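These notes concern the structure reproduced below.
We number each residue from 1, following the sequence as shown. Note that this is a predicted model, so its numbers are computed, not measured.
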Amino acid sequence: MNVELRERQRLLVLEDIEETACLIEKMLSRNGYRVTLAKSEEDAIWRARSRPPDLILMSLGCAPDQLLAVANRIRQDAGISQGVAIVIFCVETIPEGAVMKVGTNIYVTRPDNFNQLRELLHRLLWNGTDC
C-alpha cells in the first residue's frame, strides 16, 4: 500500500498501559499512520473532539461489556460518526486471532500478532470491508 495515502489516516489509540501505548504508537507510525494517544476515556473524548480520528483503537483493563460501553460513550460524547470504526483489541475472553463485530462499526479482536492487527486496520480504513 502507498504510504503517502496511509499518512492521511489518523488513528486514536486509547491504551491505559504506557509501555503498550508507546509500542503501538511506534508500530503504527512506522506504517504511515498519524497516531494520537489517549490514556483514559475522558482524554480520548477530548482528543477525538479536537482532531476527529479515522479509526479508534482501544484496550483498557476492564471487562468486555465495559469496553463496549466506553466505546459507545466516546462515539457519542465526541460526536464521532457511525462510519468511524472502533476496534477493541486484546480481549482475553475471545480466542486468539478472532475478530467479532459487536455493534455498529465496533469490533472486538485478539490478534495473534501485529500483522493481523495491521491487516484488520487496513480492511476497515481502506476497503470498508466488514469483518
Can you confirm whether F114 sits close enough to L23 that some side-chain heavy atom of one is under 4.5 Å from a side-chain heavy atom of the other? no
Do V35 and L37 pass the side chain to side chain contact (heavy atoms under 4.5 Å, CB included) test, and can you show the C-alpha distance, the side-chain angles, and the key distance before you say yes or no? CA-CA 6 Å; V35 179; L37 295 178; 4.1 Å; yes
Closest non-hydrogen contact found for L12 with A38 is CD1-CB, 4.1 Å
From CA spacing to verdict: side chain to side chain contact (heavy atoms under 4.5 Å, CB included), L121, L55: CA-CA 8 Å; L121 297 178; L55 184 139; 3.5 Å; yes
Is there a path of hydrophobic side-chain contacts, each under 4.5 Å between heavy atoms, that joins I17 and L28? no
Could you grab the distance from atom CD of Q76 to atom CD1 of I45, nearest 0.5 Å is fine? 9.5 Å
Answer yes or no: is there a donor N or O on one side and an acceptor on the other, between the side chain of N105 and the main chain of Q82, under 3.5 Å? yes
Heavy-atom distance under 4.5 Å between the side chains of Y107 and L124, does that happen here? yes
What about I80 and W46, same hydrophobic cluster or not, with Ile/Leu/Val/Met/Phe/Trp/Tyr joined at side-chain heavy-atom distances under 4.5 Å? no
Atom CD of E18 with >12 non-hydrogen neighbours under 6.0 angstrom: no
Are M58 and E15 packed together at the side-chain level, in the sense that at least one heavy-atom pair is separated by less than 4.5 angstrom? no
Can you confirm whether N113 sits close enough to Q116 that some side-chain heavy atom of one is under 4.5 Å from a side-chain heavy atom of the other? yes
With I74 as reference, evaluate R49, E41, R47 under the side-chain contact (heavy atoms from CB on, under 4.5 Å) test and give the passing residue. E41
Please check if atom CZ in R73 has more than 12 non-hydrogen atoms from other residues, nucleotides or ligands closer than 6.0 Å. yes
Going by heavy atoms in the side chains, are P53 and L11 under 4.5 Å from each other? no
Any side-chain to backbone donor/acceptor pair from D16 onto G61? Under 3.5 Å, distance only. yes
Does L60 reach the side chain of L14, with side-chain heavy atoms less than 4.5 Å apart? yes
Can you see which heavy atom on A98 is nearest to which on T109, and at what distance? O-OG1, 2.9 Å
Only one of I86, T104, V70 passes side-chain contact (heavy atoms from CB on, under 4.5 Å) with R75, and that residue is I86
Do the non-hydrogen side-chain atoms of N72 and I106 ever get within less than 4.5 Å of each other? yes
When you compare the side chain of F89 with that of L57, does any pair of heavy atoms fall below 4.5 Å? yes
Rounded to the nearest 0.5 Å, how far apart are CD of Q9 and CG of D54? 4.0 Å
Under the side chain to side chain contact (heavy atoms under 4.5 Å, CB included) criterion, do L68 and V102 qualify, and how do the steps go? CA-CA 8 Å; L68 185 56; V102 295; 3.9 Å; yes
